[in-house]
Amino acid sequence: MRRSWLLVLLSAVLTGLARLPLYTGWLGFLSLVPLLYYFGSGKKSWKVLLMDAAIYSVVNLSLWLHWIWGVTSGGLVGILLFYSLYFFAAFAAIQLIWQRLPRFRFIGFILIFLVVEYLQNFTEFRFPWINLGYALTDYSLLLQAADLGGVVLLSLLLLLANIFFYQILQRKWSYLIWTGVLLLIWGGYGLWCLRTLHLERADASITMMQPSIPQEDKWESEHFEELYKRYAEMTAAAARDSTRLLIWPEAAMPAYVLREAYFRTLIQDLCEAYKLDIFAGFPDTLPAPPGYPGEMYYYNAATLFRTGQPPAEPYYKMVLVPVGERIPLLHVFPFLWKLQFGQANWEYGPAPRYYTSGGVTFSPQICFEIAFPELTRQMAWRSLDNQTSSPPEKIDFLVNITNDAWFGRSSGPWVHGMMARFRAIENRIQIYRCANTGITMAIDPLGRILARTKLFDIANVHAPLYVSERNPIYCRIYAWPRLLVGLAALLIIGALATGKKSTLPTGGKP
């Protein structure tokens, strides 16, 4: 029993460390090997599986997501408890396949882990941060395969590597060759992309503003004059650099800008004075219909302010942080409206929006939305799902505005920011990530960081815009992970339908 939970503990530690900004991503190639020994060491009771799943969840995610504690200790505890049950279901499914269909044990292991990652993208509890593929953040060569199958494919390749290393430890030396072949093909594809993908520099002048406004000051009215003075000075500096589009961060203006003429005029005056467009984030509100628990709908919003024109139609954030921005299941359990944990209970935005500035077109995301590959794909290829348009129309770039001031100098801003590298490669599109306190950066279609700030710098960040004509395979077969869900379901059904027990020895050797 002791050896059993120690294997789970070791795997949790290695997996957690693999995704921290410590240049330890290489641990992802072997972090699940102890779990393979765990499942090969014999059948466990449901109670033991639950305890071991809790160990894996708590240790792994505490290392990976510890920075959430600084914002909401209850939220982090809730995440750990939720994923303890989530991994219990995964452990149970893996053990079932391992014991009943041992011939398919490695396929089952891979499928269940990929399904666990994929299903994080759905329901109001969605929180897709635990993908093993994110361990590869620092490896540009290996990241290029994301344009074939997204971060799910990167996780699959790492799972294969773990199984190969496990087999090597079982003295199956032929897997040394398989490991070499895997790395050769994987790295070779990355090298081919980096050397051959053509990027064209667009005629655009885009700047991101990182004002580093303290979180505790932003919403206090007595600090507004100081806040706006900084914005005005940084806007003037951007204009001197011939900027045509200036991006402000999420909730840059702590007011209902579109509903209050005074604040709207402040931004519009800057546009007129410096002859540039400003894309800014702010809260917004609309009247709610009769029967709604409140009088107004509230949105996390952003829009484009233009010279000589009224503000464009706002974009409303489509994916909200569970509990942090909206209590899940309000429509099912209305009494939850009475719960108050500091969240605003924002409404979900209905659809992406597209803006044109200086002859180039972009679509915005707000904060947490960068974690969702399907949403990013939808925004990058605005007519990809439109049957009347062929080929699909690719926009010029994406904007992700955010406010990571909540997380201080922890690893949170880095973890959050580096997801933009994956989305840029998946869609071969440039992403401008503008953060209040950092990390602000521009990432080209190859996933290269063109410019970036340090945390809490007060700086404008300017980067040229590069566009790519490539229509990645991932964007054409983006739904392929759904096939994995179906295959996993078939394996589980097959395991339930057979009474065959594993013929593997308890030591786990095949």
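Residue numbers run from 1 in the order of the sequence given. Treat the numbers as computed from the prediction; the structure is a model and nothing was measured.
- Side-chain atoms of His416 and Asp404 include a donor-acceptor pair closer than 3.5 Å.
- In this structure, Trp67 and Phe407 have perpendicular ring planes: the angle between them is above 60°, well past the 30° mark.
- Under the 6.0 Å cut-off for aromatic ring centres, Tyr315 and Tyr355 do not qualify, their centroids lying 6.0 Å or more apart.
- Note: Phe279 and Tyr432 fail the aromatic proximity criterion, with ring centroids not under 6.0 Å apart.
- Arg19 and Thr137 share no donor-acceptor pair across their side chains, judged by distance under 3.5 Å alone.
- With values rounded to the nearest 0.5 angstrom, Leu304 atom CG is found 12.5 Å from Arg353 atom CZ.
- Across Asn436, Asn403, Asn300, a single residue satisfies side-chain hydrogen bond (donor to acceptor under 3.5 Å, both in side chains) together with Glu250, and that is Asn300.
- For the residue pair Ala255 and Trp219, the shortest heavy atom distance occurs at N-CZ3, 4.3 Å.
- One distance of note links CD1 of Ile443 with CD1 of Ile429; it measures 12.5 Å at 0.5 Å rounding.
- When all heavy atoms of Pro314 and Asp284 are compared, the pair lying nearest together is CG-OD2, 4.1 Å.
- At least one side-chain heavy atom of Val323 sits less than 4.5 Å from a side-chain heavy atom of Pro328.
- Between Tyr83 and Tyr86, the distance from one ring center to the other falls under 6.0 angstrom.
- Heavy atoms of other residues, nucleotides or ligands lying less than 6.0 angstrom from CH2 of Trp129 number more than 12.
- Taken from CZ in Arg326 to CH2 in Trp346, the straight-line distance is 12.0 Å, to the nearest 0.5 Å.
- Considering CE of Met253 and CD1 of Ile267, their distance stands at 4.5 Å, rounded to 0.5 Å.
- The aromatic rings of Phe422 and Tyr134 lie perpendicular to each other, with more than 60° between the two planes, well past the 30° mark.
- Put simply, the side chain of Trp480 gets close to the backbone of Gly149: a donor and an acceptor are under 3.5 Å apart.
- We find that Arg377 and Glu374 are joined by a salt bridge, their nearest charged nitrogen and carboxylate oxygen being less than 4.0 Å apart.
- Below 30°, between 30° and 60°, or above 60°: for Phe368 and Phe372 the angle between ring planes is above 60°, a perpendicular geometry.
- For the pair Arg423 and Glu426, the salt-bridge criterion is met [side-chain N within less than 4.0 Å of a carboxylate O].
- How far CZ of Arg452 is from CD1 of Ile439: 4.5 Å, rounded to the nearest 0.5 Å.
- Arg448 contributes atom CZ, which lies 4.5 Å from atom CG of Leu446 (distance to the nearest 0.5 angstrom).
- Between Phe263 and Phe224, the ring planes lie perpendicular to each other; the angle is over 60°, past the 30° to 60° tilted range.
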